[in-house]
Amino acid sequence: MSHNELGLFLRARREATSPADLGLPMGGRRRTPGLRRSELATLAGISVEYLTRLEQGRDRNPSPPVLAALVEALRLTPDDRTALAHTVKAASGADRLCPGAGRPPARTVRPTLRALLDRLEPTPAVLLNRLTDVLARTDGYARVFGPVGLLDPPAPSLVRFLFTDPRAGAAHPEWAADADAMIARLKVDSVPDDHHLRGLVHELTVTAGAPFAERWAALPRTLPRGGGVRRLAHPEAGELRLAEETLELPEADGQRLLIHLPADDATATALDALNRGPGTLRVVAG
């Protein structure tokens, strides 16, 4: 593998991007049919000198805002964004542990926590680690959140679904508020120099772009108020209003239990219908 994978990627995408596609004039002689460095630098709001350093491999660790600006300027496809995320991680060493980094996010579930989830059935409840990976959940949770796509393989994650899945906007009528709360939660649950969170932030900066990067840069490290009500547009049951309660489990290495309770009678009726199975559902009025 080249030692300049990031630079090669950026140059290839720049040269493959037509100025006409970005509303730029095609006049003048060009060595390649793609964008000039000066044009991409202007679109991304960075200097030509810095873009040159990136392409030449003299800087392999651009900040999340710079990455987000380049992603938007180049109008990268979802596949390109995913490829860039992996390239950045490899270039910066973000996929390797280093001294002083935070511990890996917990991925094992204690038997007592599994037993607790069994006791909570059919209430929608999920066990998460500090990066919002889904570790375990009730069947009631799967009936509510499975149909919107949240639990799709290979590795269900609340933050990845919310920011990168095209179905998330339809499932979350108050997407912006939910996104703000998700960022705040990630920041509060992190530890200083959390290497694993840093890798996730780089990944989402590329795959989700500005909606994630701008929030990460702007929102303070403040825990959102507990006991809030979340609106969810369920494809079978209609709009649900779910009251959220979080149980922190510090002895389980940062895991937390997120429980959803019906916030009104209509939602309670809809959840009962989901739990009874097919043929018992009715659409809940929004």
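This chain uses plain numbering: 1 for the first residue, then up along the sequence.
The backbone N or O of Trp216 sits less than 3.5 Å from a side-chain atom of Lys187, completing a donor-acceptor pair. When atom types are taken as modelled, the side chain of Arg60 and the backbone of Gly57 share a donor-acceptor pair closer than 3.5 angstrom. Although no hydrogens or angles enter the test, the distance criterion places no donor-acceptor pair under 3.5 Å between the side chain of Gln56 and the main chain of Gly7. Side-chain atoms of Asp133 never come within 3.5 Å of backbone atoms of Asn129 as a donor-acceptor pair (strictly under, hydrogens ignored). At least one donor-acceptor pair under 3.5 Å links the side chain of Thr138 to the backbone N or O of Ala125. The backbone N or O of Arg81 sits nowhere less than 3.5 Å from a side-chain atom of Thr207 that would complete a donor-acceptor pair.
Salt-bridge check for Arg256 with Glu245: failed, with every basic side-chain N at 4.0 Å or more from each acidic carboxylate O. At a threshold of 4.0 Å, the pair Glu174-Arg230 does not count as salt-bridged, since none of the basic side-chain nitrogens sits closer than that to a carboxylate oxygen. A salt bridge links Asp80 with Arg13; the closest basic N to acidic carboxylate O contact falls under 4.0 Å. Looking at Arg167 and Asp152, a side-chain N of the basic residue comes within less than 4.0 Å of a carboxylate O on the acidic one, giving a salt bridge. Between Arg75 and Asp21, no side-chain nitrogen of the basic residue sits less than 4.0 Å from a carboxylate oxygen of the acidic one, so the salt-bridge criterion is not met. Here Glu49 does not pair with Arg53 in a salt bridge; the nearest charged N to carboxylate O distance is not below 4.0 Å. At a threshold of 4.0 Å, the pair Arg14-Glu39 does not count as salt-bridged, since none of the basic side-chain nitrogens sits closer than that to a carboxylate oxygen. The pair Arg231-Asp178 does not count as a salt bridge, with every side-chain nitrogen at least 4.0 angstrom from each carboxylate oxygen.
Between Glu236 atom CD and Leu240 atom CG the span is 10.5 Å, to the nearest 0.5 Å. Distance OG1/Thr52 to CG/Asp59: 11.5 Å, rounded to 0.5 Å. Remark: Arg276 CZ to Leu271 CG distance equals 10.5 Å, nearest 0.5 Å. Remark: Leu204 CG to Met182 CE distance equals 10.5 Å, nearest 0.5 Å. With rounding to the nearest 0.5 Å, the separation of CD in Glu121 from CZ in Arg119 is 12.5 Å. In this structure, the separation between CG on Leu113 and CG on Leu247 is 10.5 Å, given to the nearest 0.5 Å.
For the pair Leu70 and Ile46, the minimum side-chain heavy-atom distance is below 4.5 Å. Residues Phe212 and Thr164 form no side-chain contact, since every pair of their non-hydrogen atoms from C-beta on lies 4.5 Å or further apart. No side-chain heavy atom of Glu244 sits less than 4.5 Å from a side-chain heavy atom of Ile259. Two residues are said to be in side-chain contact when any heavy atoms from C-beta on lie closer than 4.5 Å; Thr246 and Leu257 fail this criterion. Looking only at side-chain heavy atoms (C-beta outward), Leu200 and Val159 come within less than 4.5 Å of each other. Side-chain contact between Leu35 and Arg37 is absent, with no heavy-atom pair separated by less than 4.5 Å.
Between Phe145 and His260, the distance separating the two ring centers is shorter than 6.0 angstrom.
The aromatic rings of His172 and Phe161 lie tilted to each other, with the angle between the two planes from 30° to 60°.
For the residue pair Pro173 and Glu239, the shortest heavy atom distance occurs at CG-OE1, 4.3 Å. Closest non-hydrogen pair, Ala69 versus Ala44, comes out as CB-O, 3.3 Å. Between Leu43 and Ala73, the shortest heavy-atom distance links the atoms CB-CB, 3.8 Å. Contact record, Pro105 with Arg130: CA-NH1, 3.5 Å, taken as the closest heavy-atom pair. Closest approach of Pro156 to Leu150, counting heavy atoms only: CB-O, 3.7 Å. Between Pro62 and Leu6, the shortest heavy-atom distance links the atoms CD-CD2, 3.7 Å.
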CA sep, side-chain torsions, deciding dist, call: Arg215, Asp180, salt bridge (charged side-chain N to carboxylate O under 4.0 Å, His left out) = CA-CA 7 Å; Arg215 283 179 168 81; Asp180 288 350; 2.7 Å; yes

Can you list the steps and then say if Arg185 with Thr132 is a side chain to side chain contact (heavy atoms under 4.5 Å, CB included)?
-> CA-CA 9 Å; Arg185 183 81 229 190; Thr132 77; 5.6 Å; no

Hey, mind stepping through Leu158 and Leu258 against side chain to side chain contact (heavy atoms under 4.5 Å, CB included) and telling me if it holds?
-> CA-CA 11 Å; Leu158 267 61; Leu258 181 59; 4.3 Å; yes

Please test Glu5 against Leu84 for side chain to side chain contact (heavy atoms under 4.5 Å, CB included), starting from the C-alpha separation and ending with a verdict.
-> CA-CA 9 Å; Glu5 289 295 321; Leu84 178 56; over 6 Å; no

Stepwise side chain to side chain contact (heavy atoms under 4.5 Å, CB included) test for Val126 and Leu117 | CA-CA 8 Å; Val126 63; Leu117 285 169; over 6 Å; no

Would you check, one step at a time, whether the test ring pair (Phe, Tyr, Trp, His ring centres under 6.0 Å) holds for Trp175 with Phe163?
-> CA-CA 9 Å; Trp175 185 90; Phe163 281 97; 5.5 Å; yes

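Taking a 6.0 Å sphere around CZ of Arg143, one finds it holds more than 12 heavy atoms contributed by other residues, nucleotides or ligands.
When hydrophobic clusters are built by joining Ile, Leu, Val, Met, Phe, Trp and Tyr residues whose side-chain heavy atoms come closer than 4.5 Å, directly or via intermediates, Leu54 is not grouped with Val48.
Asp264 and Thr267 form a side-chain donor-acceptor contact under 3.5 Å, judged by distance and modelled atom types alone.
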